[in-house]
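Please read all numbers here as calculations on a predicted model, not as lab measurements.
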Amino acid sequence: WHTLPHIGNNRRMHTTSLIVNDTILIIGGQTTAMIFNSTELYNISSRSLWYGSPMAHERMQHTASVLNNMKVLVTGGFNQVIVHQTVELY
């Protein structure tokens with residue numbers, strides 16, 4: 001085990017996906033107070049963390065699938081008001 005930098009937002013019910021160049025994409029999720037549309041990226045080799053482009057919708061309990069072209073398909077989830085039928089591509 002190694003200690004790594006803290007992510008920018010405390011999250012639960014989010015997804016993480018390993019994408020190109022040893023980078024992990026952290027998507028959505030929630031705290032007790034809010035649901036996120038934000039993304040964060042963590043580079044394993046350099047141990048650096050930065051914010052990515054936000055999603056159009058806040059989501060928790062969604063799915064994220066890495067496609068053959070290394071894009072990430074995000075589907076479903078909900079935001080405590082509606083269950084999403086939308087799909088987003090990162």
Side-chain angles (χ1 to χ4, degrees):
W1 291 100
H2 300 280
T3 301
L4 303 173
H6 294 283
I7 59 175
N9 293 304
N10 294 328
R11 297 173 189 256
R12 64 181 180 195
M13 297 186 211
H14 60 281
T15 58
T16 57
S17 301
L18 181 62
I19 56 176
V20 71
N21 297 330
D22 296 334
T23 300
I24 296 171
L25 176 63
I26 305 164
I27 305 170
Q30 74 165 132
T31 64
T32 55
M34 67 183 298
I35 299 171
F36 298 110
N37 69 336
S38 62
T39 63
E40 298 180 60
L41 295 115
Y42 175 73
N43 184 276
I44 297 165
S45 300
S46 67
R47 294 187 176 187
S48 58
L49 181 74
W50 65 96
Y51 285 100
S53 301
M55 295 182 291
H57 303 283
E58 295 87 4
R59 297 175 190 266
M60 63 182 185
Q61 294 185 330
H62 53 280
T63 63
S65 302
V66 179
L67 306 176
N68 288 339
N69 61 2
M70 300 311 294
K71 293 187 178 200
V72 179
L73 184 71
V74 178
T75 61
F78 69 102
N79 68 4
Q80 293 184 334
V81 177
I82 62 168
V83 175
H84 287 291
Q85 294 178 322
T86 58
V87 176
E88 299 188 52
L89 190 62
Y90 187 89

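The main-chain N or O of S53 is found under 3.5 Å from a side-chain atom of T39 such that the two form a donor-acceptor pair.
Among residues two or more places apart in sequence or in another chain, the side-chain hydrogen bond (donor to acceptor under 3.5 Å, both in side chains) test is passed with T15 by H62. The side chain to side chain contact (heavy atoms under 4.5 Å, CB included) search around Q61 returns M13, F78, not counting sequence neighbours. With sequence neighbours left out, I44 forms a side chain to side chain contact (heavy atoms under 4.5 Å, CB included) with L18, D22, I24, Y42. Listed by chain and residue number, nothing satisfies the side-chain hydrogen bond (donor to acceptor under 3.5 Å, both in side chains) test with T31 (two or more places apart in sequence, or in another chain). Among residues two or more places apart in sequence or in another chain, the side-chain hydrogen bond (donor to acceptor under 3.5 Å, both in side chains) test is passed with T23 by N43. Every residue meeting the side-chain hydrogen bond (donor to acceptor under 3.5 Å, both in side chains) condition with T63, not counting sequence neighbours, appears here in chain and number order: T75. In this structure, E58 has no salt bridge (Lys or Arg N to Asp or Glu O under 4.0 Å) partners at least two apart in sequence or on a different chain.
The hydrophobic cluster containing I82 also includes V81, under a criterion of side-chain heavy atoms closer than 4.5 Å among ILVMFWY residues, counted directly or through chains of members. Other residues sharing a hydrophobic cluster with L25 under the 4.5 Å side-chain heavy-atom criterion for ILVMFWY residues are I19, V20, I27, L41, W50, M55, V66, M70, V72, V74, Y90. Summarising the hydrophobic clusters (Ile, Leu, Val, Met, Phe, Trp, Tyr; side-chain heavy atoms under 4.5 Å, direct or chained), the residues clustered with F36 are M34.
V83 and V87 sit in two unconnected hydrophobic clusters of ILVMFWY residues. Membership requires side-chain heavy atoms under 4.5 Å apart, directly or through other members.
Rounding to the nearest 0.5 angstrom, the gap separating the CZ atom in R59 from the CG atom in N79 is 9.0 Å.
Taking both residues in full, the closest heavy atoms of H57 and E88 are given as N-OE2, 3.3 Å, listed atom of the first, atom of the second, then distance.
Legend: salt bridge (charged side-chain N to carboxylate O under 4.0 Å, His left out) pairs involving residues 25-34, not counting sequence neighbours: none detected. For residues 1-21, the salt bridge (charged side-chain N to carboxylate O under 4.0 Å, His left out) pairs, not counting sequence neighbours, are R11-E40.
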